[in-house]
> 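Would you mind keeping the following structure in view while I ask a few things?
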Amino acid sequence: MTDEETRNEAANESAAQERERRVRERIGTVEAEESKAYFSRELLLWYDRSKRDLPWRRHRDPYFIWVSEIMLQQTRVDTVIPYFNRFIERFPTIRDLAEAPQEDVVKMWEGLGYYSRARNLQAAAQQIVELHDGKMPSEREHVFALKGVGPYTAGAILSIAFNRPEPAVDGNVMRVLSRYFLIEDDIAKPKTRVAMEKMIPELIPEGRASDFNQALMELGALICTPKSPHCLICPVMEHCRGRIEGMERDLPIKTKAKKPRPEQRLGVLLEGSGEHEGRVLVRRRPKTGLLAGMWELPHIAAGSGAEAGDLGLDVAQLEELLEDRGLAWSPMSPYLTAEHTFSHIHWTMRVLIAREESETLAHLAAESGVPYAVAVPEAAEAEDELIDEETGEEWRWISREDMETIAFPNLFLNILNRYFAGESERE
DNA sequence: AATTCGGGGCC
DNA sequence: GGCCCAGAATT
C-alpha cells in the first residue's frame, strides 16, 4: 500500500465516520423531535379525557382564571375551591372587586394565607378599571404590570384565558419537565425556571396553548406527583427519560429550604366587663410585615436570651402592654398553648386569660388591699378604639358578631371561635 | 440571589 | 416532622 493509498484510506475512513456521526446526530434529532411531538400529543389526548371539572374551568372568563391563579399560588386545588366559589359570589366582576371595601376582600381571604395576594388582587382590579375599562387586558406587558402578577401568573392568564402560546411554568411544570427531559438543574434557582420557559413555546401544539399549559400542570398534580409518581399510568411514560433512567424519584433536584426559626410568644385573651361585657380585646397588626393588617390577640415576644423561660418577666411585659392602654384586670391564668408554623417562623404561643376590672373596682381593691387587682392605671383613658395612624395598629373590643367582619389569621381565628363557642379549655 | 410573605395535606 | 404546593415582592 503506497503512502497515497494510505492517506486515501484514512480520508475515506474519516469521511465514513463523519457520515455516520451525522446520521447518528440526525437520528438523535429526529428522536428528540419525535419525543417532543409525542409528549405534546399524548399529553393533550390524556388531558382531553382526564381533566378535572374545576369551577374556574366552566367558563373561559379571564377574571375567573385570574382569581383562581392568584388563589392557587402555593395553595392546593382542594383548598382553593370553596374560597373561589365564595369569592366570585361576593365579587362577580372585576368592577365589584375594585369597588368593595378592602376589609371585605381580606375577610373573604381569611384562612388562605399570603394576605398580600388579596390586597394586590384588589389593587390590580382597580388598575384594570382605570386603565382597561374593567376588562382584563390580553397584552403581555399590560397583564404583567398588574400588582401580584409575576411571570407564572401572567403566562397562565395569557395562555389559559386568551390561548396565547406563553409559558406558565410553576412547580408542577418544572417537576414534569425535569423528569421527562431528565434535567438536573436546581429548580430552586430562578434561572432554571427561565430556561424551562424557553422550552415551552416549541412544545405547544398550534392553537392549543390553553389546554397544553393546563395539561402540563394537571399531569404534575395527578400523575407526576412529587413523592412517588404514577409512572405506570402516565400518558408519556414511554419516552420519559427520568423514568427510563430510573431517576424519577430523584427528580427534580431542589435545594432544601431553611427550617423556620422558633419563636416563643405570650398572648392574652382579655374578657371585657361593664360596658365591654361579652367582648374580647383584640389588636390589629401593622400594615406591613408578617400578617399585615390582620387582627389578633395581643401578644409579645417571650423569653429570649438570658431571661428565657422566666414566665414572670414575660407576664410583666404583657401587663405593661395592657397598662399602656389604661386597662386593669383580674389575675391572669393559663388558658392554652398553640403552635403555628409560617414558612420562615415557628410560633409557640402561650395564651393567658384574664377578666377586665373597672377602674373603680381596681382602685377600691388596691386601697383595700385585695390582692388580685394587680394594676391601677394612672391615666385611664380606655377608649373602645385606639388607632395608630402611623403604623395602622389598632385596638378594639369585639363581640362574637364582629368575628363575621374582621379578619384573623387561622391561629387566632381558631382560638376565638372556640372561646365564643363557649368551650372553656384550660391548660 | 436571598429573604419574606400562610397554611394545610401528605408520607 | 419534613416536604411541597397552579409564586410574587422586596431587599
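Numbers restart at 1 for each chain; the letters A, B, ... are given by sequence-line order, proteins then strands.
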> Look at the side-chain N and O atoms of A:Lys258 and state whether any lies under 4.0 Å from the OP1 or OP2 oxygen of C:dG2.
no
> Tell me whether the OP1 or OP2 atom of C:dC5 has a side-chain N or O from A:Arg175 closer than 4.0 Å.
yes
> Quick one: which of C:dG7, C:dA6, C:dG2 gets closest to the side chain of A:Lys259?
C:dG2
> Report yes if a side-chain nitrogen or oxygen of A:Gln73 is closer than 4.0 Å to either non-bridging phosphate oxygen (OP1 or OP2) of C:dA6; otherwise report no.
no
> Which residue is it: A:Glu197, A:Glu69, A:Arg193? I am looking for the one with a side-chain hydrogen bond (donor to acceptor under 3.5 Å, both in side chains) to A:Tyr152.
A:Glu69
> Distances under 3.5 Å only, N/O to N/O: pair up the protein atoms with those of nucleotides 8-10 of chain B.
residue: B:dG8; atom: OP1; partner: A:Asn410; partner atom: ND2; Å: 2.2
residue: B:dG8; atom: OP2; partner: A:Asn410; partner atom: ND2; Å: 3.4
residue: B:dG8; atom: N2; partner: A:Arg76; partner atom: NH2; Å: 3.4

> Please give me the minimum heavy-atom distance between A:Asn163 and A:Ser210, naming the atom from each residue.
OD1-N, 2.8 Å
> From B:dG6, B:dT3, C:dA8, pick the nucleotide closest to the side chain of A:Ser343?
B:dG6
> Return no unless some side-chain N or O of A:Thr153 is found under 4.0 Å from OP1 or OP2 of C:dA8.
yes
> Check nucleotides 9-11 of chain C against the protein and report each pair of N or O atoms closer than 3.5 Å, with its distance, or say if there are none.
residue: C:dA9; atom: OP1; partner: A:Gly148; partner atom: N; Å: 2.5

> Just compare C:dA6, C:dC3, B:dG7 and give me whichever is closest to any side-chain atom of A:Lys256.
C:dC3
> Take a 6.0 Å sphere around CZ of A:Arg52 and say whether it holds more than 12 heavy atoms from other residues, nucleotides or ligands.
yes
> Above 12 or not: heavy atoms from other molecules or residues under 6.0 Å from CD of A:Glu404?
no
> P atom, B:dC5 versus C:dC4: distance in rounded Å?
22 Å
> Could you tell me how far C:dA6 sits from B:dC11 if I compare only their P atoms? Round to whole Å.
14 Å
> With respect to the side chain of A:Asn172, which nucleotide from B:dG6, C:dA6, C:dC4 is positioned closest?
C:dA6
